[in-house]
Amino acid sequence: MKHIKTLTSATLKQTAAHGGCGECQTSCQSACKTSCTVANQKCEHNK
Amino acid sequence: MIHRYSKNGLNFLLDVNSGSVHVLDDISYEVAGLIDENMSENCPENIVNELSQYNADDVKAAYAELLELKKAGQLFADDDYIDVSRYIPTDAPVKALCLHVAHDCNLRCKYCFASTGDFGKGRKIMPFEVAKKAIDFVIERSKGRKNIELDFFGGEPLMAWDTVTKTVDYARSREAETGKKFRFTITTNGLLLDSDKIDYINENMDNVVLSLDGRESVNDEFRKTVNGGGCYDIIVPKFKELVDKRGDKDYYARGTFTAKNLDFAEDVVHIADAGFPSLSVEPVSADDGCGYELTEEQLPTIFAEYDRLAEIMLERRKNGKKFTFFHFMVDLNQGPCVVKRLRGCGAGYEYVAITPDGDIYPCHQFVGKDEFKQGNVLDGTFNLDIAHQFAGMNIYTREKCKECWAKFYCSGGCSAANYNSNADMNIPYELGCKMERKRLECAIYLKAMEQMEEEL
(Lines give C-alpha, C1' and ligand atoms only; values in the text may rest on other atoms or scores of the structure.)
Protein backbone atom coordinates (compact mmCIF):
# COMPACT_ATOMS: atom_id res chain seq x y z
CA MET A 1 0.00 0.00 0.00
CA LYS A 2 1.13 3.51 -0.80
CA HIS A 3 -0.83 5.49 1.78
CA ILE A 4 -1.11 3.05 4.66
CA LYS A 5 1.36 1.00 6.63
CA THR A 6 -0.12 -1.67 8.86
CA LEU A 7 1.77 -2.13 12.11
CA THR A 8 -0.28 -5.07 13.16
CA SER A 9 -3.07 -6.82 11.36
CA ALA A 10 -6.12 -8.37 12.95
CA THR A 11 -5.02 -10.69 15.71
CA LEU A 12 -7.70 -10.46 18.36
CA LYS A 13 -10.19 -12.53 16.45
CA GLN A 14 -7.71 -15.37 16.08
CA THR A 15 -7.15 -15.43 19.83
CA ALA A 16 -10.83 -15.97 20.55
CA ALA A 17 -10.59 -19.55 19.40
CA HIS A 18 -7.75 -20.74 21.65
CA GLY A 19 -7.83 -18.06 24.35
CA GLY A 20 -9.03 -18.05 27.90
CA CYS A 21 -6.80 -20.76 29.37
CA GLY A 22 -6.14 -18.54 32.38
CA GLU A 23 -2.53 -19.61 32.79
CA CYS A 24 -1.10 -16.13 32.25
CA GLN A 25 -0.04 -13.64 34.85
CA THR A 26 -2.66 -11.63 36.70
CA SER A 27 -2.16 -8.16 35.30
CA CYS A 28 -2.40 -6.29 38.58
CA GLN A 29 0.31 -8.46 40.12
CA SER A 30 2.91 -7.59 37.52
CA ALA A 31 3.99 -4.15 38.64
CA CYS A 32 1.24 -1.69 39.08
CA LYS A 33 -1.11 -2.71 41.88
CA THR A 34 -3.28 0.34 41.32
CA SER A 35 -4.26 0.46 37.68
CA CYS A 36 -4.66 -1.95 34.84
CA THR A 37 -2.98 -2.17 31.53
CA VAL A 38 -3.66 -5.61 30.22
CA ALA A 39 -2.30 -5.20 26.70
CA ASN A 40 1.28 -5.25 27.97
CA GLN A 41 0.95 -8.71 29.47
CA LYS A 42 2.44 -11.80 27.88
CA CYS A 43 0.41 -14.70 26.59
CA GLU A 44 1.60 -17.84 28.32
CA HIS A 45 1.70 -19.64 24.97
CA ASN A 46 3.93 -17.05 23.33
CA LYS A 47 6.61 -16.83 25.99
CA MET B 1 -15.19 1.13 15.98
CA ILE B 2 -12.04 3.06 15.11
CA HIS B 3 -9.80 5.57 16.83
CA ARG B 4 -7.69 8.14 15.00
CA TYR B 5 -4.96 10.27 16.46
CA SER B 6 -1.84 12.08 15.37
CA LYS B 7 1.35 12.38 17.31
CA ASN B 8 4.56 14.03 16.22
CA GLY B 9 3.76 13.81 12.53
CA LEU B 10 2.54 10.23 12.62
CA ASN B 11 -1.13 9.47 11.99
CA PHE B 12 -2.64 6.42 13.64
CA LEU B 13 -5.77 4.49 12.88
CA LEU B 14 -6.74 1.81 15.37
CA ASP B 15 -9.39 -0.71 14.51
CA VAL B 16 -10.73 -1.55 17.93
CA ASN B 17 -12.46 -4.89 17.44
CA SER B 18 -9.76 -6.51 15.34
CA GLY B 19 -6.82 -5.01 17.22
CA SER B 20 -5.27 -3.78 13.96
CA VAL B 21 -3.08 -0.70 14.07
CA HIS B 22 -2.31 1.29 10.95
CA VAL B 23 -0.08 4.29 10.26
CA LEU B 24 -1.56 6.61 7.64
CA ASP B 25 -0.25 9.40 5.48
CA ASP B 26 -2.08 12.72 5.68
CA ILE B 27 -4.48 12.02 2.81
CA SER B 28 -5.63 8.62 4.01
CA TYR B 29 -5.87 9.97 7.57
CA GLU B 30 -8.24 12.69 6.40
CA VAL B 31 -10.24 10.22 4.33
CA ALA B 32 -10.50 7.93 7.37
CA GLY B 33 -12.13 10.80 9.23
CA LEU B 34 -14.90 10.97 6.66
CA ILE B 35 -15.89 7.32 6.40
CA ASP B 36 -17.86 4.87 8.50
CA GLU B 37 -18.56 1.15 8.41
CA ASN B 38 -20.89 1.59 5.42
CA MET B 39 -18.14 2.08 2.88
CA SER B 40 -19.22 1.91 -0.76
CA GLU B 41 -17.09 0.28 -3.45
CA ASN B 42 -16.08 3.63 -4.91
CA CYS B 43 -14.95 6.76 -3.17
CA PRO B 44 -18.00 9.01 -2.69
CA GLU B 45 -17.83 12.36 -4.48
CA ASN B 46 -18.43 14.31 -1.28
CA ILE B 47 -15.14 12.98 0.14
CA VAL B 48 -13.24 14.03 -2.99
CA ASN B 49 -14.89 17.45 -2.80
CA GLU B 50 -14.26 17.89 0.89
CA LEU B 51 -10.59 17.12 0.43
CA SER B 52 -10.14 19.39 -2.55
CA GLN B 53 -6.70 20.44 -1.31
CA TYR B 54 -5.48 17.01 -2.46
CA ASN B 55 -5.32 15.50 -5.90
CA ALA B 56 -8.60 13.64 -6.54
CA ASP B 57 -6.84 10.50 -7.75
CA ASP B 58 -4.78 10.37 -4.56
CA VAL B 59 -7.91 10.70 -2.44
CA LYS B 60 -9.55 7.88 -4.38
CA ALA B 61 -6.46 5.72 -4.05
CA ALA B 62 -6.36 6.31 -0.28
CA TYR B 63 -10.03 5.42 -0.06
CA ALA B 64 -9.41 2.22 -2.01
CA GLU B 65 -6.69 1.21 0.44
CA LEU B 66 -8.99 1.80 3.39
CA LEU B 67 -11.66 -0.29 1.68
CA GLU B 68 -9.11 -3.03 1.20
CA LEU B 69 -8.41 -3.00 4.94
CA LYS B 70 -12.11 -3.22 5.65
CA LYS B 71 -12.48 -6.23 3.38
CA ALA B 72 -9.52 -7.88 5.11
CA GLY B 73 -11.22 -7.49 8.50
CA GLN B 74 -8.76 -4.84 9.65
CA LEU B 75 -11.05 -1.85 9.61
CA PHE B 76 -14.55 -1.49 11.05
CA ALA B 77 -14.34 -5.12 12.09
CA ASP B 78 -17.32 -6.48 13.92
CA ASP B 79 -17.08 -7.84 17.43
CA ASP B 80 -19.57 -10.62 16.73
CA TYR B 81 -16.79 -13.18 17.16
CA ILE B 82 -16.80 -12.43 20.88
CA ASP B 83 -19.29 -14.57 22.73
CA VAL B 84 -19.14 -12.84 26.09
CA SER B 85 -21.34 -15.31 27.91
CA ARG B 86 -18.93 -18.10 26.99
CA TYR B 87 -16.06 -16.29 28.62
CA ILE B 88 -17.59 -15.54 32.02
CA PRO B 89 -15.89 -17.92 34.43
CA THR B 90 -18.01 -19.71 36.99
CA ASP B 91 -17.03 -21.17 40.30
CA ALA B 92 -14.12 -18.77 40.80
CA PRO B 93 -10.97 -20.63 39.71
CA VAL B 94 -8.68 -18.60 42.00
CA LYS B 95 -5.10 -18.71 40.69
CA ALA B 96 -3.47 -15.63 42.15
CA LEU B 97 -3.10 -14.48 45.73
CA CYS B 98 -2.07 -11.18 47.16
CA LEU B 99 -0.89 -12.41 50.52
CA HIS B 100 -0.89 -9.64 53.10
CA VAL B 101 1.74 -11.16 55.33
CA ALA B 102 2.12 -7.92 57.26
CA HIS B 103 -0.54 -5.41 58.07
CA ASP B 104 2.19 -3.30 59.47
CA CYS B 105 4.78 -1.06 57.92
CA ASN B 106 8.05 0.58 58.86
CA LEU B 107 7.36 3.57 56.64
CA ARG B 108 4.68 6.22 57.02
CA CYS B 109 4.05 7.19 53.40
CA LYS B 110 1.66 10.11 53.28
CA TYR B 111 -0.35 8.80 50.35
CA CYS B 112 -0.67 5.19 51.55
CA PHE B 113 -4.02 3.66 50.55
CA ALA B 114 -3.53 1.10 53.33
CA SER B 115 -3.60 3.63 56.18
CA THR B 116 0.19 3.31 56.64
CA GLY B 117 0.02 -0.44 56.49
CA ASP B 118 -2.75 -1.69 58.75
CA PHE B 119 -5.69 -1.09 56.37
CA GLY B 120 -7.51 0.47 59.29
CA LYS B 121 -7.77 -2.87 61.05
CA GLY B 122 -4.84 -2.88 63.46
CA ARG B 123 -1.17 -3.81 63.01
CA LYS B 124 -0.69 -7.55 62.51
CA ILE B 125 1.74 -10.10 61.13
CA MET B 126 0.30 -13.15 59.35
CA PRO B 127 1.06 -16.34 61.27
CA PHE B 128 2.45 -19.12 59.10
CA GLU B 129 -0.62 -21.26 59.87
CA VAL B 130 -2.79 -18.70 58.05
CA ALA B 131 -0.42 -18.58 55.09
CA LYS B 132 -0.42 -22.39 54.93
CA LYS B 133 -4.20 -22.40 54.78
CA ALA B 134 -4.02 -19.78 52.03
CA ILE B 135 -1.77 -22.07 50.01
CA ASP B 136 -4.17 -24.98 50.55
CA PHE B 137 -7.04 -22.70 49.54
CA VAL B 138 -5.45 -21.61 46.25
CA ILE B 139 -4.30 -25.13 45.35
CA GLU B 140 -7.83 -26.41 45.78
CA ARG B 141 -9.63 -23.50 44.15
CA SER B 142 -7.28 -23.21 41.16
CA LYS B 143 -8.62 -26.55 39.93
CA GLY B 144 -7.18 -27.31 36.48
CA ARG B 145 -4.93 -24.26 36.37
CA LYS B 146 -1.26 -25.09 36.64
CA ASN B 147 0.34 -21.71 37.25
CA ILE B 148 -0.36 -20.03 40.57
CA GLU B 149 0.94 -16.59 41.47
CA LEU B 150 1.55 -15.37 44.93
CA ASP B 151 2.54 -11.82 45.77
CA PHE B 152 3.92 -11.19 49.24
CA PHE B 153 2.40 -7.86 50.04
CA GLY B 154 1.65 -5.67 53.00
CA GLY B 155 2.12 -3.32 54.65
CA GLU B 156 5.72 -4.28 54.39
CA PRO B 157 6.22 -8.00 53.79
CA LEU B 158 9.85 -8.06 54.97
CA MET B 159 8.45 -7.48 58.47
CA ALA B 160 6.98 -10.99 58.19
CA TRP B 161 10.11 -12.64 56.80
CA ASP B 162 9.65 -15.86 58.75
CA THR B 163 6.17 -16.28 57.27
CA VAL B 164 7.48 -15.48 53.79
CA THR B 165 10.19 -18.15 53.80
CA LYS B 166 8.01 -20.79 55.42
CA THR B 167 5.25 -20.09 52.91
CA VAL B 168 7.64 -20.45 49.97
CA ASP B 169 8.91 -23.75 51.40
CA TYR B 170 5.40 -25.05 51.99
CA ALA B 171 4.11 -24.05 48.55
CA ARG B 172 7.13 -25.61 46.85
CA SER B 173 6.66 -28.79 48.90
CA ARG B 174 3.20 -29.21 47.43
CA GLU B 175 4.08 -28.54 43.78
CA ALA B 176 5.02 -32.07 42.76
CA GLU B 177 2.07 -33.75 44.41
CA THR B 178 -0.48 -31.27 43.00
CA GLY B 179 1.10 -30.52 39.61
CA LYS B 180 1.04 -26.82 40.38
CA LYS B 181 3.74 -24.26 39.65
CA PHE B 182 4.03 -21.34 42.07
CA ARG B 183 5.41 -18.03 40.92
CA PHE B 184 6.33 -15.66 43.71
CA THR B 185 6.55 -11.90 43.76
CA ILE B 186 7.41 -9.62 46.64
CA THR B 187 6.58 -5.93 46.85
CA THR B 188 8.88 -4.15 49.26
CA ASN B 189 9.87 -0.71 50.46
CA GLY B 190 13.42 -2.02 50.92
CA LEU B 191 14.13 -0.81 54.47
CA LEU B 192 14.75 -4.29 55.88
CA LEU B 193 16.68 -5.67 52.93
CA ASP B 194 20.06 -7.15 53.73
CA SER B 195 22.39 -9.36 51.70
CA ASP B 196 20.80 -12.60 52.92
CA LYS B 197 17.28 -11.45 52.10
CA ILE B 198 18.44 -10.12 48.74
CA ASP B 199 19.99 -13.46 47.86
CA TYR B 200 16.88 -15.31 49.00
CA ILE B 201 14.59 -13.02 46.98
CA ASN B 202 16.73 -13.32 43.88
CA GLU B 203 16.71 -17.06 44.16
CA ASN B 204 13.04 -17.57 44.97
CA MET B 205 10.99 -14.67 43.65
CA ASP B 206 10.06 -14.57 39.97
CA ASN B 207 9.42 -10.85 40.21
CA VAL B 208 10.23 -8.13 42.72
CA VAL B 209 8.54 -4.76 42.99
CA LEU B 210 10.75 -2.14 44.63
CA SER B 211 9.01 0.99 45.85
CA LEU B 212 10.86 4.15 44.87
CA ASP B 213 9.24 7.41 43.75
CA GLY B 214 12.14 9.03 41.92
CA ARG B 215 14.32 11.97 42.84
CA GLU B 216 15.41 12.05 46.45
CA SER B 217 13.37 15.16 47.26
CA VAL B 218 10.25 13.68 45.62
CA ASN B 219 10.65 10.29 47.24
CA ASP B 220 11.34 11.72 50.68
CA GLU B 221 8.45 14.16 50.56
CA PHE B 222 5.99 11.26 50.77
CA ARG B 223 7.92 8.18 51.77
CA LYS B 224 8.79 8.89 55.37
CA THR B 225 10.32 6.73 58.03
CA VAL B 226 8.52 6.39 61.36
CA ASN B 227 10.73 9.19 62.67
CA GLY B 228 9.68 11.47 59.85
CA GLY B 229 12.91 11.30 57.85
CA GLY B 230 13.25 10.36 54.20
CA CYS B 231 14.08 6.81 53.15
CA TYR B 232 15.87 7.39 49.82
CA ASP B 233 19.41 7.08 51.15
CA ILE B 234 18.57 3.90 53.02
CA ILE B 235 16.78 2.03 50.26
CA VAL B 236 18.56 2.93 47.03
CA PRO B 237 21.87 1.18 47.85
CA LYS B 238 19.94 -1.93 48.90
CA PHE B 239 17.82 -1.90 45.76
CA LYS B 240 21.02 -1.49 43.74
CA GLU B 241 22.55 -4.53 45.35
CA LEU B 242 19.41 -6.54 44.68
CA VAL B 243 19.16 -5.56 41.01
CA ASP B 244 22.89 -5.90 40.38
CA LYS B 245 22.77 -9.46 41.67
CA ARG B 246 19.48 -10.34 40.01
CA GLY B 247 20.66 -11.19 36.53
CA ASP B 248 17.91 -11.50 33.95
CA LYS B 249 15.05 -12.10 36.36
CA ASP B 250 12.13 -9.68 36.36
CA TYR B 251 11.87 -6.73 38.68
CA TYR B 252 10.21 -3.33 38.67
CA ALA B 253 11.14 -0.17 40.49
CA ARG B 254 7.72 1.26 41.15
CA GLY B 255 6.91 4.82 42.01
CA THR B 256 3.88 7.01 42.53
CA PHE B 257 3.47 10.52 41.21
CA THR B 258 1.20 13.11 42.73
CA ALA B 259 0.16 16.69 42.05
CA LYS B 260 3.42 17.68 43.74
CA ASN B 261 5.58 16.25 40.96
CA LEU B 262 3.76 16.74 37.70
CA ASP B 263 7.21 16.80 36.12
CA PHE B 264 7.32 13.07 36.86
CA ALA B 265 9.28 12.29 33.68
CA GLU B 266 12.25 13.58 35.67
CA ASP B 267 11.55 10.93 38.28
CA VAL B 268 11.23 8.22 35.66
CA VAL B 269 14.61 9.19 34.22
CA HIS B 270 16.09 9.47 37.68
CA ILE B 271 15.01 5.93 38.57
CA ALA B 272 16.37 4.57 35.29
CA ASP B 273 19.68 6.38 35.78
CA ALA B 274 19.90 5.22 39.38
CA GLY B 275 20.30 1.71 37.98
CA PHE B 276 16.70 0.54 37.64
CA PRO B 277 15.84 0.54 33.93
CA SER B 278 12.71 -1.58 34.45
CA LEU B 279 10.24 0.72 36.09
CA SER B 280 6.74 1.93 36.63
CA VAL B 281 5.58 5.30 37.92
CA GLU B 282 1.87 5.48 38.59
CA PRO B 283 -0.65 8.21 39.25
CA VAL B 284 -1.59 8.46 42.91
CA SER B 285 -4.96 7.28 44.20
CA ALA B 286 -5.93 10.00 46.63
CA ASP B 287 -8.96 11.67 48.15
CA ASP B 288 -10.21 14.97 46.84
CA GLY B 289 -8.96 17.85 48.94
CA CYS B 290 -5.84 16.12 50.27
CA GLY B 291 -3.65 18.62 48.48
CA TYR B 292 -1.73 16.21 46.27
CA GLU B 293 -4.59 14.54 44.39
CA LEU B 294 -4.65 14.61 40.60
CA THR B 295 -7.40 16.70 39.02
CA GLU B 296 -8.99 17.31 35.63
CA GLU B 297 -7.32 20.73 35.51
CA GLN B 298 -3.90 19.09 35.66
CA LEU B 299 -4.57 16.74 32.76
CA PRO B 300 -3.02 18.93 30.04
CA THR B 301 0.17 19.10 32.12
CA ILE B 302 0.13 15.35 32.77
CA PHE B 303 -0.49 14.59 29.09
CA ALA B 304 2.36 16.88 28.05
CA GLU B 305 4.58 15.10 30.53
CA TYR B 306 3.70 11.70 29.09
CA ASP B 307 4.49 13.12 25.62
CA ARG B 308 7.81 14.41 26.91
CA LEU B 309 8.58 11.06 28.48
CA ALA B 310 7.90 9.28 25.18
CA GLU B 311 10.38 11.56 23.40
CA ILE B 312 12.97 11.04 26.13
CA MET B 313 12.57 7.29 25.70
CA LEU B 314 13.09 7.55 21.95
CA GLU B 315 16.22 9.59 22.48
CA ARG B 316 17.47 7.15 25.09
CA ARG B 317 16.90 4.25 22.78
CA LYS B 318 19.07 5.88 20.15
CA ASN B 319 21.81 6.59 22.69
CA GLY B 320 21.90 3.05 24.03
CA LYS B 321 20.43 4.11 27.37
CA LYS B 322 17.12 2.37 26.87
CA PHE B 323 14.74 1.82 29.76
CA THR B 324 11.34 0.17 30.10
CA PHE B 325 8.38 2.14 31.39
CA PHE B 326 5.65 -0.30 32.38
CA HIS B 327 2.71 1.73 31.08
CA PHE B 328 4.34 2.44 27.74
CA MET B 329 4.71 -1.27 27.09
CA VAL B 330 2.29 -2.76 24.61
CA ASP B 331 2.51 -5.95 22.64
CA LEU B 332 0.68 -5.40 19.39
CA ASN B 333 1.17 -8.90 18.07
CA GLN B 334 1.42 -11.50 20.77
CA GLY B 335 -0.22 -9.91 23.75
CA PRO B 336 -3.02 -11.44 25.74
CA CYS B 337 -5.97 -13.16 24.11
CA VAL B 338 -9.27 -11.38 23.69
CA VAL B 339 -10.78 -13.39 26.53
CA LYS B 340 -8.31 -11.90 29.00
CA ARG B 341 -8.79 -8.48 27.48
CA LEU B 342 -12.51 -8.70 28.15
CA ARG B 343 -12.13 -9.35 31.83
CA GLY B 344 -8.99 -7.64 33.03
CA CYS B 345 -7.38 -8.29 36.39
CA GLY B 346 -9.68 -11.07 37.62
CA ALA B 347 -10.15 -9.53 41.06
CA GLY B 348 -12.63 -11.40 43.22
CA TYR B 349 -12.67 -14.64 41.26
CA GLU B 350 -9.20 -15.38 39.80
CA TYR B 351 -7.27 -13.10 42.09
CA VAL B 352 -7.95 -12.45 45.76
CA ALA B 353 -6.19 -10.84 48.70
CA ILE B 354 -5.80 -12.54 52.05
CA THR B 355 -5.26 -10.64 55.31
CA PRO B 356 -3.16 -11.68 58.32
CA ASP B 357 -6.39 -12.99 59.91
CA GLY B 358 -7.13 -15.12 56.84
CA ASP B 359 -9.95 -12.94 55.57
CA ILE B 360 -10.46 -13.04 51.82
CA TYR B 361 -11.15 -9.89 49.79
CA PRO B 362 -11.46 -9.39 46.02
CA CYS B 363 -8.07 -7.65 45.90
CA HIS B 364 -5.65 -5.64 48.01
CA GLN B 365 -7.54 -2.45 47.25
CA PHE B 366 -10.74 -3.82 48.76
CA VAL B 367 -9.16 -5.04 51.99
CA GLY B 368 -10.89 -3.48 54.97
CA LYS B 369 -14.13 -2.82 53.10
CA ASP B 370 -16.37 -5.18 55.07
CA GLU B 371 -19.10 -5.40 52.45
CA PHE B 372 -16.59 -7.07 50.11
CA LYS B 373 -15.26 -9.67 52.53
CA GLN B 374 -15.60 -12.99 50.71
CA GLY B 375 -14.69 -15.46 53.41
CA ASN B 376 -11.79 -16.77 55.45
CA VAL B 377 -9.18 -19.42 54.73
CA LEU B 378 -9.26 -20.69 58.32
CA ASP B 379 -12.89 -21.72 58.32
CA GLY B 380 -12.98 -22.50 54.60
CA THR B 381 -15.73 -20.03 53.74
CA PHE B 382 -15.76 -18.40 50.31
CA ASN B 383 -18.73 -16.39 49.11
CA LEU B 384 -19.30 -17.34 45.49
CA ASP B 385 -21.99 -14.68 45.07
CA ILE B 386 -19.36 -11.96 45.42
CA ALA B 387 -16.99 -13.93 43.18
CA HIS B 388 -19.66 -14.24 40.50
CA GLN B 389 -20.51 -10.56 40.80
CA PHE B 390 -16.90 -9.74 39.96
CA ALA B 391 -16.63 -12.43 37.29
CA GLY B 392 -19.74 -11.05 35.60
CA MET B 393 -18.20 -7.61 35.03
CA ASN B 394 -16.38 -6.95 31.79
CA ILE B 395 -15.96 -4.34 29.10
CA TYR B 396 -19.38 -5.18 27.72
CA THR B 397 -21.21 -4.80 31.03
CA ARG B 398 -19.62 -1.42 31.68
CA GLU B 399 -21.62 0.96 29.51
CA LYS B 400 -18.87 3.56 29.17
CA CYS B 401 -16.28 0.93 28.31
CA LYS B 402 -18.42 -0.39 25.49
CA GLU B 403 -18.01 2.94 23.71
CA CYS B 404 -14.30 3.37 24.45
CA TRP B 405 -11.58 2.67 21.89
CA ALA B 406 -9.14 1.59 24.61
CA LYS B 407 -11.29 -1.20 26.00
CA PHE B 408 -9.20 -4.08 24.68
CA TYR B 409 -6.00 -2.49 25.98
CA CYS B 410 -7.08 -1.63 29.53
CA SER B 411 -9.84 -4.24 29.88
CA GLY B 412 -12.20 -2.11 31.90
CA GLY B 413 -9.80 -0.60 34.37
CA CYS B 414 -9.71 -1.15 38.10
CA SER B 415 -12.91 -2.10 39.92
CA ALA B 416 -11.58 -0.63 43.14
CA ALA B 417 -10.76 2.69 41.48
CA ASN B 418 -14.24 2.72 39.97
CA TYR B 419 -15.80 1.96 43.34
CA ASN B 420 -13.71 4.53 45.17
CA SER B 421 -14.58 7.30 42.75
CA ASN B 422 -18.18 6.44 41.87
CA ALA B 423 -19.39 3.95 44.52
CA ASP B 424 -20.14 1.72 41.53
CA MET B 425 -17.66 -0.79 40.09
CA ASN B 426 -19.31 -0.55 36.68
CA ILE B 427 -18.78 3.19 36.29
CA PRO B 428 -15.20 3.87 35.21
CA TYR B 429 -12.90 6.20 37.13
CA GLU B 430 -12.88 8.78 34.37
CA LEU B 431 -9.71 10.63 35.31
CA GLY B 432 -7.85 7.32 35.33
CA CYS B 433 -9.36 6.43 31.95
CA LYS B 434 -8.17 9.68 30.41
CA MET B 435 -4.61 9.08 31.61
CA GLU B 436 -4.74 5.47 30.48
CA ARG B 437 -5.84 6.46 26.97
CA LYS B 438 -3.02 9.00 26.80
CA ARG B 439 -0.48 6.40 27.90
CA LEU B 440 -1.76 3.96 25.30
CA GLU B 441 -1.45 6.54 22.54
CA CYS B 442 2.15 7.09 23.62
CA ALA B 443 2.80 3.35 23.85
CA ILE B 444 1.52 2.70 20.33
CA TYR B 445 3.50 5.66 19.03
CA LEU B 446 6.69 4.28 20.59
CA LYS B 447 5.97 0.87 19.15
CA ALA B 448 5.48 2.38 15.69
CA MET B 449 8.73 4.33 15.96
CA GLU B 450 10.56 1.23 17.08
CA GLN B 451 9.16 -0.86 14.26
CA MET B 452 9.96 1.76 11.65
CA GLU B 453 13.49 2.29 12.96
CA GLU B 454 14.09 -1.46 12.75
CA GLU B 455 12.98 -1.48 9.14
CA LEU B 456 15.33 1.33 8.11
Side-chain angles (χ1 to χ4, degrees), chain A, chain B residues 18-25 27-28 61-62 65 69 73-74 77 81-82 87 93 95-96 145-147 149 151 185 187 209 252 254 280 282 285 326-327 329-341 344-346 350-351 363-364 408-411 413-414 417 432 436 447-448 451:
Chain A
M1 287 190 177
K2 184 180 151 205
H3 297 278
I4 301 172
K5 176 180 168 50
T6 295
L7 286 184
T8 182
S9 54
T11 52
L12 281 186
K13 190 171 182 175
Q14 293 150 23
T15 68
H18 67 75
C21 73
E23 293 291 355
C24 53
Q25 186 177 33
T26 300
S27 53
C28 199
Q29 297 272 52
S30 49
C32 54
K33 286 286 187 185
T34 52
S35 61
C36 295
T37 303
V38 171
N40 61 10
Q41 303 292 302
K42 291 172 191 155
C43 172
E44 199 63 29
H45 302 293
N46 290 327
K47 276 187 174 178
Chain B
S18 69
S20 303
V21 179
H22 312 285
V23 180
L24 278 59
D25 67 3
I27 303 178
S28 55
E65 290 186 14
L69 292 181
Q74 295 170 17
Y81 68 92
I82 300 171
Y87 303 137
K95 53 136 185 176
R145 305 264 170 98
K146 178 179 166 48
N147 295 317
E149 287 161 57
D151 185 20
T185 296
T187 300
V209 180
Y252 277 98
R254 185 216 180 276
S280 168
E282 310 256 343
S285 307
F326 182 73
H327 283 295
M329 287 161 61
V330 64
D331 187 340
L332 296 178
N333 290 312
Q334 294 189 318
C337 63
V338 73
V339 183
K340 185 181 178 82
R341 289 170 190 256
C345 68
E350 281 188 331
Y351 166 55
C363 81
H364 58 290
F408 288 116
Y409 295 93
C410 91
S411 303
C414 170
E436 174 71 1
K447 203 76 193 169
Q451 222 163 298

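Heavy-atom basis, side chains included; hydrogens, waters and symmetry copies ignored. All values reported here derive from a predicted model rather than from experimental measurement. The sequence lines fix the lettering, A, B, ..., with proteins before strands; numbering per chain opens at 1.
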**Request:** Quick one: pull up OG1 in Thr15(A) and CZ in Phe408(B) and give me the separation to the nearest 0.5 Å.
**Result:** 9.0 Å
**Prompt:** To the nearest 0.5 Å, what is the distance between NE2 (His18(A)) and SG (Cys337(B))?
**Reply:** 7.0 Å
**Prompt:** Closest approach of Gly335(B) and Cys43(A), non-hydrogen atoms and distance?
**Reply:** O-CB, 3.6 Å
**Request:** Look at the side chain of Asn40(A) and the backbone N and O of Phe326(B), then say whether any donor-acceptor pair between them is shorter than 3.5 Å.
**Result:** yes
**Prompt:** So which part of Ala77(B) gets closer than 4.5 Å to some heavy atom of chain A, the side chain, the backbone, both or neither?
**Reply:** neither
**Message:** If I measure from the heavy atoms of chain A, does Ile82(B) come under 4.5 Å with its side chain, its backbone, both, or neither?
**Reply:** neither
**Any donor-acceptor pair under 3.5 Å from Thr6(A) side chain to His22(B) backbone** = no
**Asked** Under a 4.5 Å heavy-atom cutoff, which of Ala96(B), Gly346(B), Gly432(B) has the most pairs with chain A?
**Response** Ala96(B)
**Message:** Between Ser28(B) (side chain only) and Ile4(A) (backbone N and O only), is there a donor and an acceptor less than 3.5 Å apart?
**Reply:** no
**Request:** Only counting residues at least two apart or in another chain, list the ones meeting salt bridge (Lys or Arg N to Asp or Glu O under 4.0 Å) with Lys5(A).
**Result:** Glu455(B)
**Fill in**
Among Glu149(B), Met329(B), Glu350(B), the residue with the most heavy-atom pairs under 4.5 Å to chain A is Glu149(B)
**Prompt:** Quick one: what part of Val209(B) sits under 4.5 Å from any heavy atom of chain A, side chain, backbone, both or neither?
**Reply:** side chain
**Item:** Which of Leu69(B), Val23(B), Ile27(B), Thr187(B) touches chain A most, by non-hydrogen pairs under 4.5 Å
**Value:** Val23(B)
**Prompt:** Is a side-chain N or O of Lys95(B) found less than 3.5 angstrom from the main chain of Gly22(A), in a donor-acceptor match?
**Reply:** yes
**Request:** Please examine the side chains of Lys13(A) and Val338(B), heavy atoms only from C-beta on, and report whether any two atoms are closer than 4.5 Å.
**Result:** no
**Request:** Only counting residues at least two apart or in another chain, list the ones meeting ring-ring contact (aromatic ring centres under 6.0 Å, His included) with Tyr351(B).
**Result:** none
**Request:** Supply the atom-to-atom distance His364(B) NE2 to Cys28(A) SG, rounded to the nearest 0.5 angstrom.
**Result:** 4.5 Å
**Request:** Against chain A, work out which of Pro93(B), Gly19(B), Pro336(B) has the most heavy-atom pairs shorter than 4.5 Å and name it.
**Result:** Pro336(B)
**Prompt:** Would Val38(A) and Lys340(B) satisfy side-chain contact (heavy atoms from CB on, under 4.5 Å), going step by step from the backbone distance to the final call?
**Reply:** CA-CA 8 Å; Val38(A) 171; Lys340(B) 185 181 178 82; 4.1 Å; yes
**Request:** Please check if the side chain of Arg341(B) supplies one atom and the backbone of Leu12(A) the other of a donor-acceptor pair under 3.5 Å.
**Result:** no
**Prompt:** Is it the side chain or the backbone of Lys146(B) that comes within 4.5 Å of chain A heavy atoms, both, or neither?
**Reply:** both
**Item:** Option that, when pairs with chain B are counted at under 4.5 Å, heavy atom only, ranks first among His3(A), Gln41(A), Lys2(A)
**Value:** His3(A)
**Message:** Only pairs of heavy atoms separated by less than 4.5 Å count here; which of Thr185(B), Asp151(B), Leu24(B) has the most with chain A?
**Reply:** Asp151(B)
**Message:** Measuring from atom OG of Ser18(B) to atom CD of Gln14(A), what distance do you get when rounded to the nearest 0.5 angstrom?
**Reply:** 10.0 Å
**Item:** Inter-residue atom distance Leu7(A).CG - Lys447(B).NZ, 0.5 Å rounding
**Value:** 10.0 Å
